[in-house]
Amino acid sequence: MLAQPIQYLLFPQDNDDKKSDNESSHTSNNMNKPPLVEEITISSVTELANSQVRFLPTAGNISTVRFDTKTATLHLPTISFDVNTEVILRNLVAYEASNASGPLVFTRYTELMNGIIDTEEDVKLLREKGIISNRLKSDAEITNLWNGMSKSIRLTKVPHIDKVIEGVNKHYNSQWKVKFWKSMKHYVFGSWQFLTLLATIMLLLLMTLQAFCSVYNCRKFKFVSDSD
């Protein structure tokens, strides 16, 4: 009895018209190719909010997940958490992994939520936006729940969710603050050659100053205003 509604929740695209066998086989092969690391990585809710990304709830299922590039708005379906939610989520992931022949849509959704939720502050922001309804004792429980969700047994592509991840990452990485910080980490903090050069320059400046003061009495160069 539960198979049909669960299948509708996980695979809403199955209601669309089926294409030819050759085309379906080609599409299936493309979807089942392992996603790249860049496609899985996504910044947290707090980081995205600081880069002017907005969050809005949707009344639909997982198929309503989308990112509006014009308004920088991430649309996510509402989800309610209580004492039974973790068991339900894990069972759905396990059911999908054992029965789905196509992409693991629900599992991909849990990976997305796992990616954007790192701290209690992330949960708090989504709760304030109406995306998360928390009936547990604290936001920390939801944080631990998402961070404790295991990744999919087999990596899979889910076009509309991967498109969302790609759009969010593109927007986030285009922000000047993010570009500046990444450049600093890559070229400054992550480069021992640069740090060595900087230390050498500082040493030369100090040696030059010392030599100057040994020839000219630095004490003469005082900016003292004479009082009348």
Side-chain angles (χ1 to χ4, degrees), residues 1-15 35 39-50 53-68 73-165 168-169 172:
M1 294 176 63
L2 295 176
Q4 186 173 359
I6 291 178
Q7 186 175 6
Y8 176 78
L9 172 66
L10 302 182
F11 311 105
Q13 67 273 23
D14 288 348
N15 295 323
E39 293 175 324
I40 298 174
T41 302
I42 189 170
S43 301
S44 68
V45 172
T46 303
E47 292 172 329
L48 294 176
N50 290 334
V53 173
R54 299 171 58 218
F55 298 87
L56 287 179
T58 65
N61 55 22
I62 300 174
S63 64
T64 61
V65 175
R66 67 184 181 90
F67 180 69
D68 190 335
T73 303
L74 180 57
H75 299 263
L76 295 169
T78 57
I79 180 170
S80 179
F81 287 87
D82 56 32
V83 293
N84 299 314
T85 303
E86 181 173 4
V87 175
I88 294 174
L89 290 177
R90 292 185 181 278
N91 285 340
L92 286 174
V93 170
Y95 173 84
E96 183 182 49
S98 62
N99 289 276
S101 58
L104 306 180
V105 181
F106 185 77
T107 303
R108 193 67 166 153
Y109 163 74
T110 63
E111 291 176 354
L112 169 63
M113 296 301 293
N114 188 323
I116 65 176
I117 294 179
D118 290 333
T119 65
E120 296 179 45
E121 186 64 24
D122 298 325
V123 175
K124 179 183 177 182
L125 287 173
L126 292 182
R127 177 167 52 79
E128 291 175 347
K129 296 299 182 180
I131 295 173
I132 286 180
S133 175
N134 188 7
R135 298 177 182 176
L136 298 173
K137 295 180 180 179
S138 66
D139 292 335
E141 293 188 55
I142 298 180
T143 304
N144 295 333
L145 187 155
W146 281 121
N147 291 334
M149 293 289 292
S150 59
K151 294 183 178 180
S152 59
I153 299 175
R154 58 182 177 86
L155 296 177
T156 181
K157 275 180 172 290
V158 179
H160 80 276
I161 294 183
D162 289 338
K163 183 179 179 181
V164 169
I165 296 174
V168 171
N169 286 337
Y172 179 76

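The first residue of the sequence shown is numbered 1, and numbering continues consecutively from there.
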For this session: Would you please test Leu74 and Val164 for side chain to side chain contact (heavy atoms under 4.5 Å, CB included) and show each step?
Result: CA-CA 8 Å; Leu74 180 57; Val164 169; 3.5 Å; yes
For this session: Could you please spell out the steps behind the side chain to side chain contact (heavy atoms under 4.5 Å, CB included) verdict for Val65 and Arg108?
Result: CA-CA 11 Å; Val65 175; Arg108 193 67 166 153; over 6 Å; no
Problem set entry | Carboxylate-amine/guanidinium proximity below 4.0 Å for Asp68 and Arg54 | no
Exercise. What distance separates Ile142 CD1 from Asp122 CG, expressed to the nearest 0.5 Å?
Worked result: 12.0 Å
For this session: Answer yes or no: is there a side-chain heavy-atom contact under 4.5 Å between Val53 and Tyr172?
Result: no
Exercise. Asn134 side chain to Ser138 main-chain N or O, any donor-acceptor pair under 3.5 Å?
Worked result: yes
Exercise. What are the two closest heavy atoms between Pro57 and Thr78, and how far apart are they?
Worked result: CB-CG2, 3.5 Å
Exercise. Asn144 side chain to Glu141 main-chain N or O, any donor-acceptor pair under 3.5 Å?
Worked result: no
For this session: Determine whether Val45 and Phe55 make a side-chain contact, defined as any pair of heavy atoms from C-beta on separated by less than 4.5 Å.
Result: yes
Exercise. At their closest point, which heavy atom of Asp118 faces which heavy atom of Asn147, and how far apart are they?
Worked result: O-ND2, 3.4 Å
Problem set entry | Nearest heavy-atom neighbours spanning Ile161 and Tyr109 | CD1-N, 3.9 Å
For this session: Would you indicate whether the side-chain heavy atoms of Ile117 and Val123 approach each other to under 4.5 Å?
Result: yes
Exercise. Checking side chain to side chain contact (heavy atoms under 4.5 Å, CB included) for the pair Leu76/Leu112: CA distance, chi angles, key distance, verdict?
Worked result: CA-CA 10 Å; Leu76 295 169; Leu112 169 63; 4.2 Å; yes
Seminar exercise, completed: So OG of Ser80 and CZ of Arg135: to nearest 0.5 Å the spacing works out to 4.0 Å
For this session: Return the minimal non-hydrogen interatomic distance between Val168 and Leu48, and the atom names on each side.
Result: CG1-CD2, 3.5 Å
Exercise. Are Lys124 and Glu120 within salt-bridge range, i.e. N to O under 4.0 Å?
Worked result: no
For this session: May I ask you to decide if Thr85's main-chain N or O and Asp82's side chain share a donor-acceptor pair within less than 3.5 Å?
Result: yes
For this session: Quick one: pull up CZ in Arg90 and CD1 in Ile88 and give me the separation to the nearest 0.5 Å.
Result: 13.0 Å
Seminar exercise, completed: Here the pair of heavy atoms bringing Gly60 nearest to Pro77 is O-CB, 3.5 Å
Exercise. With no hydrogens and no angle check, do the side chains of Thr107 and Glu96 hold a donor and an acceptor under 3.5 Å apart?
Worked result: yes
Seminar exercise, completed: Shortest non-hydrogen pair, Leu89 vs Ile79, comes out as CD2-CD1, 4.5 Å
For this session: Start with the C-alpha gap between Ile165 and Phe67, add the side-chain angles, then the distance that decides, and say whether side chain to side chain contact (heavy atoms under 4.5 Å, CB included) holds.
Result: CA-CA 8 Å; Ile165 296 174; Phe67 180 69; over 6 Å; no
